[in-house]
There are 2 protein chains.
Amino acid sequence: MAKSRRRPADKFEERRRELAESALVTLGELGYARTTLREIASNSEFSHGVLHYYFSDKLDLIVFCVQLYKARCVHRYDAVVESSTTPDELLDGFLGKLAETIVEEAPMHRLWYDLRSQSMFEEALREPVRVIDQTLEDMVWRVVCRYAELLDVRPMMTPALAYGLLDGLFQLALHGYTAGREDALTTLQDEVRAVVALLFRDALETSAV
Amino acid sequence: MAKSRRRPADKFEERRRELAESALVTLGELGYARTTLREIASNSEFSHGVLHYYFSDKLDLIVFCVQLYKARCVHRYDAVVESSTTPDELLDGFLGKLAETIVEEAPMHRLWYDLRSQSMFEEALREPVRVIDQTLEDMVWRVVCRYAELLDVRPMMTPALAYGLLDGLFQLALHGYTAGREDALTTLQDEVRAVVALLFRDALETSAV
DNA sequence: AAGGAATCTGGACAATCGTCAAGACAGGGG
DNA sequence: CCCCTGTCTTGACGATTGTCCAGATTCCTT
């Protein structure tokens with residue numbers, strides 16, 4: 001119906017993505033509760049009516065935004081994982097990226113935790129949020145597995161456990177950074193270092209020459 | 001002005017608390033974004049106009065609710081901490097309470113994480129949320145300290161670290177429970193057990209007879 | 001160039017929000 | 001007893017929201 005016949009290609013999809021990118025900026029600034037369709041449109045080069053041409057519904061738009069967010073952030077640590085050849089190099093690189101993303105993508109992280117909270121009240125958000133949560137867990141698990149591999153041990157935890165631990169510290173640091181505490185980033189790095197040191201104590205002791 | 005002269009006592013404060021309790025129920029069900037003053041009033045025995053007699057503002061009401069929430073949940077683990085005489089007894093009791101509160105106070109926990117997310121976008125919420133966060137950190141720290149004490153070791157972590165680790169796992173379990181995964185509670189308990197076992201490995205090995 | 005489909009605009013709609021104020025009700029001190 | 005003050009109800013207000021639609025505009029095919 002609304003889709004292409006003249007434009008067989010994904011001109012339609014392209015504009016959807018373009019509008020969703022605009023929406024993500026607004027959502028990151030204002031959060032879910034305060035974001036309106038008119039505000040989203042005014043931060044783009046289109047009028048507010050066009051949103052209902054590309055999205056059936058406000059929730060349809062937001063769900064699409066959430067999925068778009070996922071696609072962008074999932075491979076954040078892949079380069080570090082692949083290029084590192086020692087445990088320390090991997091840990092340092094990972095912690096660097098961790099602090100970097102809080103500084104440079106803070107609105108997006110705030111939005112993510114906001115939407116994840118909303119998913120507990122809004123049924124329609126639950127499934128897309130679950131998928132992203134799983135993707136993030138995989139992302140963390142790849143780092144942990146590589147770290148254990150470089151230490152020549154097997155990771156003594158589950159993927160969910162690793163994700164839960166890291167996510168709790170990350171969220172705490174994001175709140176601290178948002179509140180203007182400058183030591184939030186280095187504190188996060190120190191904490192993760194401490195946890196890793198404790199969890200991989202055996203391997204780290206035996207590998208120390 | 002609005003306060004008491006005839007009623008010198010805290011009849012005024014009493015009703016504020018009563019209305020805030022009603023508001024907490026509604027907030028727990030609907031979340032911050034979808035909760036309206038009329039909905040709050042309709043879940044109480046009063047009309048919607050009375051809310052502006054006891055609260056200057058919607059945010060004033062919600063901030064008061066948040067502080068009321070704190071007062072109720074902070075001493076959740078005190079009995080277990082004080083009555084336990086062995087590390088295992090403390091851990092078991094703590095894990096029991098942990099799962100229990102997810103089941104029996106799920107709406108309140110959902111609301112807490114919702115409001116904490118909102119505080120990243122709403123300046124006025126930041127300070128009361130920070131206070132509660134600190135209180136929760138203290139609550140967790142009392143458990144950790146007691147556990148270490150019963151093991152006759154010093155806890156090898158900071159209060160913020162302990163809180164961040166546990167909160168991440170707790171939040172994950174709350175999401176799982178909300179999504180209807182029945183194993184979320186036992187998974188949480190297993191995960192916490194695993195982390196404690198890893199973090200206190202030395203003490204647990206030497207204390208084993 | 002012309003026509004039609006795709007795209008976009010801007011205004012209008014009903015619904016709902018927080019807020020407010022005028023008046024009804026209650027109850028205790030004169 | 002009445003009146004004053006604190007308490008509560010009710011209805012209204014302006015603002016804002018998501019949604020919809022009639023028409024203007026653009027763009028491609030023929």
Side-chain angles (χ1 to χ4, degrees), chain A residues 1-23 26-27 29-65 114-115 118 121-125, chain B residues 1-23 26-27 29-65 114-115 118 121-125:
Chain A
M1 185 74 76
K3 266 226 176 172
S4 50
R5 231 183 52 211
R6 291 284 188 78
R7 294 260 155 259
D10 37 13
K11 192 92 177 177
F12 190 82
E13 280 298 326
E14 191 178 322
R15 177 119 316 165
R16 261 172 81 94
R17 187 190 307 268
E18 189 180 347
L19 287 170
E21 292 283 1
S22 268
T26 306
L27 280 165
E29 286 173 359
L30 302 181
Y32 175 86
R34 307 171 88 75
T35 296
T36 70
L37 293 179
R38 283 172 174 81
E39 190 73 25
I40 290 175
S42 83
N43 280 21
S44 77
E45 50 178 347
F46 301 98
S47 69
H48 71 273
V50 80
L51 289 172
H52 281 86
Y53 183 78
Y54 288 98
F55 300 94
S56 66
D57 185 274
K58 187 186 182 184
L59 249 153
D60 182 32
L61 165 61
I62 290 190
V63 167
F64 189 84
C65 286
D114 187 11
L115 290 176
Q118 293 306 316
F121 301 101
E122 193 115 28
E123 176 69 35
L125 283 176
Chain B
M1 185 76 74
K3 266 224 178 172
S4 50
R5 231 182 53 211
R6 288 282 188 81
R7 297 262 156 256
D10 36 14
K11 193 91 176 177
F12 191 81
E13 280 298 326
E14 191 178 322
R15 176 114 322 159
R16 261 172 79 95
R17 188 191 306 269
E18 189 180 348
L19 286 169
E21 292 283 0
S22 269
T26 306
L27 280 165
E29 286 173 359
L30 303 181
Y32 176 86
R34 306 170 90 74
T35 296
T36 70
L37 293 180
R38 282 172 174 81
E39 190 72 26
I40 290 176
S42 83
N43 280 22
S44 78
E45 50 177 349
F46 301 98
S47 67
H48 70 272
V50 80
L51 289 171
H52 280 87
Y53 183 76
Y54 288 97
F55 300 94
S56 67
D57 192 272
K58 187 186 182 183
L59 250 156
D60 183 32
L61 165 61
I62 290 190
V63 167
F64 189 83
C65 287
D114 188 10
L115 289 176
Q118 294 306 316
F121 300 101
E122 193 114 28
E123 177 70 33
L125 284 176

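These numbers were taken from a predicted model, which means no experiment stands behind them. Here is the naming used below: chain letters follow the sequence lines, and residue numbers restart at 1 for every chain.
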Problem - Rounded distance in Å - OH (Y32(A)) to P (dG18(D)) - result: 10 Å
Problem - Rounded distance in Å - CG (L51(A)) to C1' (dC21(D)) - result: 16 Å
Handout entry: Nucleotide dT7(D), atom P - distance to CD of E13(B) in whole Å
Key = 12 Å
Exercise for the section: For F121(A), enumerate each residue passing the ring pair (Phe, Tyr, Trp, His ring centres under 6.0 Å) test, keeping only those at least two apart in sequence or located in another chain. Expected result: none
Practice task
Under the salt bridge (charged side-chain N to carboxylate O under 4.0 Å, His left out) rule, collect the residues that match up with E14(A), sequence neighbours excluded.
Solution key: none
Practice task
Round to a whole Å and report the spacing from CZ of F12(A) to C1' of dC28(D).
Solution key: 18 Å
Problem - Contacts of R17(A) that satisfy salt bridge (charged side-chain N to carboxylate O under 4.0 Å, His left out) - sequence neighbours left out - result: none
Exercise for the section: Grab the CD1-P distance between I40(B) and dC17(C) for me, whole Å please. Expected result: 11 Å
Practice task
Just grab all the salt bridge (Lys or Arg N to Asp or Glu O under 4.0 Å) pairs involving residues 39-60 of chain A, residues at least two apart or on different chains.
Solution key: none
Exercise for the section: Would you kindly give the OH-to-P distance between Y53(B) and dT10(D), to the nearest whole Å? Expected result: 17 Å
Handout entry: Listed partners of E29(A) passing salt bridge (charged side-chain N to carboxylate O under 4.0 Å, His left out), at least two apart
Key = none
Handout entry: Whole-Å distance separating the CD atom of E39(A) from the P atom of dG18(D)
Key = 11 Å
Exercise for the section: Measure the shortest side-chain to side-chain distance between L61(B) and L19(B) over non-hydrogen atoms and say whether it is less than 4.5 angstrom. Expected result: no
Exercise for the section: Find the distance I62(A):CD1 to dT17(D):C1' and express it as a whole number of Å. Expected result: 13 Å
Output one line per pair: protein atom, nucleotide atom from nucleotides 18-24 of chain C, and distance, for all N/O pairs under 3.5 Å.
| unit_1 | atom_1 | unit_2 | atom_2 | d |
| --- | --- | --- | --- | --- |
| dG18(C) | OP1 | K58(B) | NZ | 2.8 |
| dG18(C) | OP2 | L37(B) | N | 3.1 |
| dG18(C) | N7 | R38(B) | NH1 | 2.8 |
| dG18(C) | O6 | R38(B) | NH2 | 3.0 |
| dT19(C) | OP1 | D57(B) | OD2 | 3.2 |
| dT19(C) | OP2 | H52(B) | NE2 | 3.1 |
| dT19(C) | OP2 | K58(B) | N | 3.1 |
| dT19(C) | O5' | H52(B) | NE2 | 3.4 |
| dT19(C) | O4 | R38(B) | NH2 | 3.4 |

Exercise for the section: Indicate, with a heavy-atom threshold strictly under 4.0 Å, whether F55(B) touches base, sugar-phosphate, or nothing. Expected result: nothing
